[in-house]
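Below: one structure, written as structure tokens.
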Amino acid sequence: MSRIVALDLKTKGLFTRGFLRFIYFMTRRKVGRVVMPVQAMAHQPRVLWGYGMMEDSLAHCHLVDEALKELAQVRVATLVGCPF
């Protein structure tokens, strides 16, 4: 269990709230729910933006076969004990 609590959107400004709602929507669409790492990074929207850019660039990189990418993600998640 993470020690960082999920961010309450009511405490942020209008632009940040809209950005976080969009990110939460996209996460729900991709994963099925808003996962804790995204909620923890939501405390710092610039870090969350950078994380999103990294994920997007990895998804659109076609230098490696998609099956190999998935296999590498599963292997890394197994090594670090990630439940996703």
Side-chain angles (χ1 to χ4, degrees):
M1 173 123 174
S2 177
R3 288 184 250 166
I4 299 175
V5 295
L7 181 69
D8 183 20
L9 292 179
K10 297 174 187 166
T11 62
K12 294 293 185 176
L14 182 63
F15 178 75
T16 304
R17 226 180 6 234
F19 170 69
L20 292 176
R21 285 184 185 189
F22 174 72
I23 296 298
Y24 284 4
F25 168 75
M26 295 301 288
T27 305
R28 271 190 224 100
R29 195 172 95 180
K30 183 177 180 182
V31 181
R33 64 187 176 102
V34 180
V35 293
M36 193 60 194
V38 172
Q39 292 176 349
M41 280 187 275
H43 286 278
Q44 293 295 323
R46 289 181 180 173
V47 173
L48 185 59
W49 176 259
Y51 177 73
M53 291 293 101
M54 182 196 68
E55 286 287 328
D56 187 52
S57 65
L58 287 174
H60 290 95
C61 179
H62 300 295
L63 297 174
V64 178
D65 201 24
E66 288 297 320
L68 187 58
K69 280 188 202 178
E70 291 293 325
L71 184 63
Q73 287 179 354
V74 170
R75 178 67 177 147
V76 169
T78 304
L79 287 173
V80 299
C82 180
F84 304 107

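Just so it is clear, the values below take in all heavy atoms, side chains as well, and ignore hydrogens, waters and symmetry mates. FYI, the numbering just counts along the sequence from 1.
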Residues that V47 engages under side chain to side chain contact (heavy atoms under 4.5 Å, CB included), provided they are two or more places apart = M41, Q44
Mind checking what makes side chain to side chain donor-acceptor pair (under 3.5 Å) contact with D56, not counting sequence neighbours?
-> H60
Euclidean distance, M53 CE relative to L48 CG, rounded to 0.5 Å | 10.0 Å
Where V35 and T27 come nearest, the two heavy atoms and their spacing = N-CG2, 4.1 Å
In short, side-chain hydrogen bond (donor to acceptor under 3.5 Å, both in side chains) pairs touching residues 67-77 with sequence neighbours left out are E66-K69
Can you see which heavy atom on P45 is nearest to which on F19, and at what distance?
-> O-CE2, 3.8 Å
Residues which pass side chain to side chain contact (heavy atoms under 4.5 Å, CB included) with M54, listed by chain and number, not counting sequence neighbours = Y51, L58
Inter- and intrachain pairs under salt bridge (Lys or Arg N to Asp or Glu O under 4.0 Å), touching residues 46-55, at least two apart = K30-E55
